[in-house]
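The structure appears below as structure tokens.
Letters go in sequence order (proteins before strands), and every chain restarts at 1. Because only heavy atoms are used, hydrogens play no part in the values below, and waters and symmetry mates are left out as well, while side chains stay in.
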Protein chains: 2
Amino acid sequence: MKNNKDLPAGDHAGPLMADVARLAGVAISTVSRALTNPGRVNEKTRARIQGAAMQLGYTPNALARGLRVGKSNSVIVVLPGPLYYGASQIIPQVLSGINAALVEGGYHLIIANLDRGEQSERHVLDLAFGGSVQGVLILSSAVPEVDGRSLSQAALPIVSLLHDLTALDIPSVVTNDREAVRGATAELIALGHRRFQYLAGPPGDYHDVERYAGVLEALHDAGLGEDAVLRSGGIDYRHGFRIGVEAAAEYHGLATKPTAIIATSDDMAISFMSRVHQAGYKIPTDLSIVSFDGSAICDYCWPPLSSILQPVEEMGRRAVSLLIERINAPQCEHSERIIVPSTLVRRDSLAPVAGSMALF
Amino acid sequence: MKNNKDLPAGDHAGPLMADVARLAGVAISTVSRALTNPGRVNEKTRARIQGAAMQLGYTPNALARGLRVGKSNSVIVVLPGPLYYGASQIIPQVLSGINAALVEGGYHLIIANLDRGEQSERHVLDLAFGGSVQGVLILSSAVPEVDGRSLSQAALPIVSLLHDLTALDIPSVVTNDREAVRGATAELIALGHRRFQYLAGPPGDYHDVERYAGVLEALHDAGLGEDAVLRSGGIDYRHGFRIGVEAAAEYHGLATKPTAIIATSDDMAISFMSRVHQAGYKIPTDLSIVSFDGSAICDYCWPPLSSILQPVEEMGRRAVSLLIERINAPQCEHSERIIVPSTLVRRDSLAPVAGSMALF
DNA sequence: TTGTAAGCGTTATCAG
DNA sequence: CTGATAACGCTTACAA
């Protein structure tokens, strides 16, 4: 039996600032000042108010305050989709960096989507347009849009992370996908490898485009043609394990086999290795493998997996400082691209091609 | 050069309901009705208003609305800490289930913490006490508390997930940690194993207490004593890989070796296997291993890892429906415990003890 | 240093 | 069916 049916605020039973004021014997505005701007109030009354607030367990209503001051001190982080993929935990890791930097800067983080369905998209836009947040961090995905509204229309600073959106005039923090893969491929070539299998992400995907371009560039630099590489996979990264399994079957069926695998995620590499082992091949004796992401688990694979390590935490931090900068100085400044380089971590999965007299 | 320095609402430049009203030539209250309660307004005017809103790209201010109605349609999910651990992606997976169920029920999800530091804790409490959310889902951790405030004081429905908090009168959705481990241990015993090494989580941790109890119960049931099991590890689950590495070293140093390993997370099992392999032991010939979590990666381990699979998605869904139930009917109802059973997925890491004439 | 009062953008009540 | 008008809980000129 609720007896507060006439209170619009419903069941939020907590004490109000008015209650604190009454208990402390001061005006409501004094309470406000004491709480948000101590120093502009007599120390003695301040203490009394503080005490009253504690005693009542008072918490200011964030909505009311936000409505009044138009500052939420919150930043919304837009995720690319569900967090669960496989061994590659780029997004969770980058979130770590983001969180640390945000908290350090006095901002709060809000995640309002774990998928990119219509409902979630709408929620994100509502928060952005509704004044609940002061900035947006988009993770490895496109700008949220629904019902003809687009986040880019909101008068909010936006920063993109892991995905280059500078073409849309959104400052972006990315890694050197292309260069890193080119370097790794070049290294394989130097080890004597001449035939490659590339485990791809979805066609057209930013990362896949960049990484594949890296492979081709390295081949080109070495005077090799595109036919030196076989493309496998090509579906969503979240099916990484499946891609690896299928690519392994493909490998097994080939008459002339590649001697080196370039996987675009650790998941792909891990499941590929597993199936190839089961079929009796030896790594790195029969084939070498390099992948992308640098998951913690690479160290515990069989054999330990060479992988291109993305400096995820740092990328997160950089993105946050870029965003905070924009929040404090919204006046234009052309969009910026920050590149944080990834580096190949060499482990046992990498070796000179069998029977080659590689360069050492 | 901003010229709106006198507007408290600051830079939130979006159109207001008043603008829509003006454009549509109606009163502001009519706009409100048309938008939130169509049917109570003439279809013709409704359409005109709708049009005006679209044309202006109007989005209602969530803060103002929330302040007025006290209903945010949002639920806050409290995370136990950073999302990044290792192969075990229980939390991300359970989030998936939560999200799906929440969206289905018309609720929004808000995550406001990626650690359990003071700042984040405060932010969570501010959101809860500040009326920004209508319910709380606590994931595998304790009730947020800071500055003498505790979330449990908020007049909000709370549900705990993965962690039994029924003792605090908080309805909880958990799995059968103890039973599941007891079953797995019993199975190892049936395979002839008599000496075990248990890779533990932090002492006192809910999961570790339950799982270890499961081991002991199984030993007891088989007439074996506590000395049949060696406890290793015992630090935070997020250091799972390290636990496995250290436990492997310990194993290697033992004169009489256990023949079966019971790991309380896949991470521990994976790194343990890796190091034990490097030392030349064969799994499951020399030793069997079972772990907990049922990560996707278990299928791609060497050998494929037997693990206790937690029905995470379902747990998430159950927790949400429990929570929504409470939101709709806040009147007491004693706290409930829902147990969703985990089951052992048997893979190659499990075999009869060497030289045993096990029961088949 | 403190109090009074206006107003943030909505929704809900009440007349018309 | 629609239009004034009073809240919602808080901050902030402005006055005292």
Side-chain angles (χ1 to χ4, degrees), chain A residues 4-22 24-49 52-53 56 58-73 126-127 129-132, chain B residues 4-22 24-49 52-53 56 58-73 126-127 129-132:
Chain A
N4 55 351
K5 45 159 69 157
D6 39 9
L7 291 176
D11 24 32
H12 178 229
L16 304 181
M17 197 173 260
D19 299 319
V20 179
R22 202 172 308 122
V26 294
I28 189 172
S29 57
T30 309
V31 176
S32 173
R33 256 185 309 249
L35 262 36
T36 62
N37 214 339
R40 295 182 62 75
V41 68
N42 184 304
E43 171 53 24
K44 241 172 154 172
T45 35
R46 200 204 56 74
R48 200 165 71 248
I49 291 172
L56 293 174
Y58 171 73
T59 300
N61 183 310
L63 272 49
R65 166 181 294 181
L67 177 59
R68 183 61 235 241
V69 299
K71 278 198 195 311
S72 53
N73 256 29
D126 287 349
L127 288 168
F129 282 95
S132 304
Chain B
N4 56 352
K5 44 160 66 155
D6 38 8
L7 291 176
D11 25 31
H12 178 230
L16 303 181
M17 199 173 259
D19 299 318
V20 178
R22 201 171 310 121
V26 294
I28 190 171
S29 56
T30 308
V31 176
S32 174
R33 252 186 311 249
L35 262 37
T36 61
N37 216 337
R40 295 182 62 75
V41 68
N42 185 304
E43 172 51 26
K44 240 173 157 173
T45 32
R46 200 202 58 70
R48 198 165 73 248
I49 292 172
L56 293 174
Y58 170 73
T59 300
N61 183 310
L63 271 50
R65 168 180 291 181
L67 177 58
R68 185 60 234 238
V69 299
K71 277 199 194 313
S72 53
N73 255 28
D126 287 349
L127 288 169
F129 283 95
S132 305

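Each end of the helix from dT1(C)-dA16(D) to dG16(C)-dC1(D) gets its own axis, taken as the rotation carrying the C1' atoms of four end pairs onto the next four within a five-pair window, and the two axes meet at 40° to the nearest 10 degrees.
Across the protein-nucleic acid pair, R33(A) atom CZ and dC14(D) atom C1' stand 11 Å apart, rounded to whole Å. Rounded to whole angstrom, the span from the CG atom of L67(A) across to the C1' atom of dG9(D) amounts to 9 Å. When rounded to the nearest whole Å, the span between CD1 of I49(A) and P of dT1(C) equals 13 Å. Rounded to whole Å, atom P of dG9(D) lies 10 Å from atom OH of Y58(A). Here dT11(C) presents its P atom at 13 Å from CG of L63(A), a figure rounded to the nearest Å. Rounded to whole Å, the distance from CE on M17(B) to C1' on dC8(D) is 15 Å. To the nearest angstrom, P of dG3(D) lies 14 Å from CZ of R22(B). Rounded to an integer number of Å, the gap from N61(A) CG to dG9(C) C1' is 14 Å.
Proximity note for A64(A) (side chain, C-beta onward) versus dG3(D), dA7(D), dC10(D): the nearest is dC10(D). Considering only side-chain atoms of R65(A), the nucleotide from dT10(C), dC8(D), dC10(D) that sits closest is dC10(D).
For the segment residues 36-46 of chain A, residues with any heavy atom less than 4.0 angstrom from an atom of DNA chain C are, sorted by number, R40(A), V41(A), N42(A), T45(A). Contacts with DNA chain D (heavy atom under 4.0 Å) in residues 24-32 of chain B: V26(B), A27(B), S29(B), T30(B), listed by number.
For the atom pair CG (L63(B)) and OG (S132(B)), the distance works out to 7.5 Å, reported to the nearest 0.5 Å. Of the inter-residue distances, the one linking M17(B) atom CE with L56(B) atom CG reads 12.5 Å to the nearest 0.5 angstrom.
Here the closest non-hydrogen pair linking L16(B) and Y58(B) is C-CE1, 3.5 Å. Nearest heavy-atom pair, G25(B) versus R48(B), reported as atom, atom and distance to 0.1 Å: O-NH2, 4.2 Å.
In this view, R22(A) and D19(A) satisfy the salt bridge (charged side-chain N to carboxylate O under 4.0 Å, His left out) rule, not counting sequence neighbours. Residues forming a side chain to side chain donor-acceptor pair (under 3.5 Å) with D126(A) (at least two apart in sequence, or on another chain): R149(A). Listed by chain and number, the residues in a side-chain contact (heavy atoms from CB on, under 4.5 Å) with A64(A) are N61(A), L67(B) (sequence neighbours excluded).
For dT10(C), the base has no donor-acceptor partner in the side chain of R68(B) [N/O atoms by modelled type, under 3.5 angstrom].
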Taking distance alone, no hydrogens or angles, what donor-acceptor pairs closer than 3.5 Å link side-chain atoms of residues 39-46 of chain A to residues at least two apart or in another chain?
residue: N42(A); atom: OD1; partner: K44(A); partner atom: N; Å: 2.6
residue: E43(A); atom: OE1; partner: R46(A); partner atom: NE; Å: 3.1
residue: E43(A); atom: OE2; partner: R46(A); partner atom: NH2; Å: 3.3
residue: T45(A); atom: OG1; partner: N42(A); partner atom: O; Å: 2.8

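When each of L35(B), V31(B), T30(B) is paired with R33(B), the side chain to side chain contact (heavy atoms under 4.5 Å, CB included) condition holds for T30(B) and for no other.
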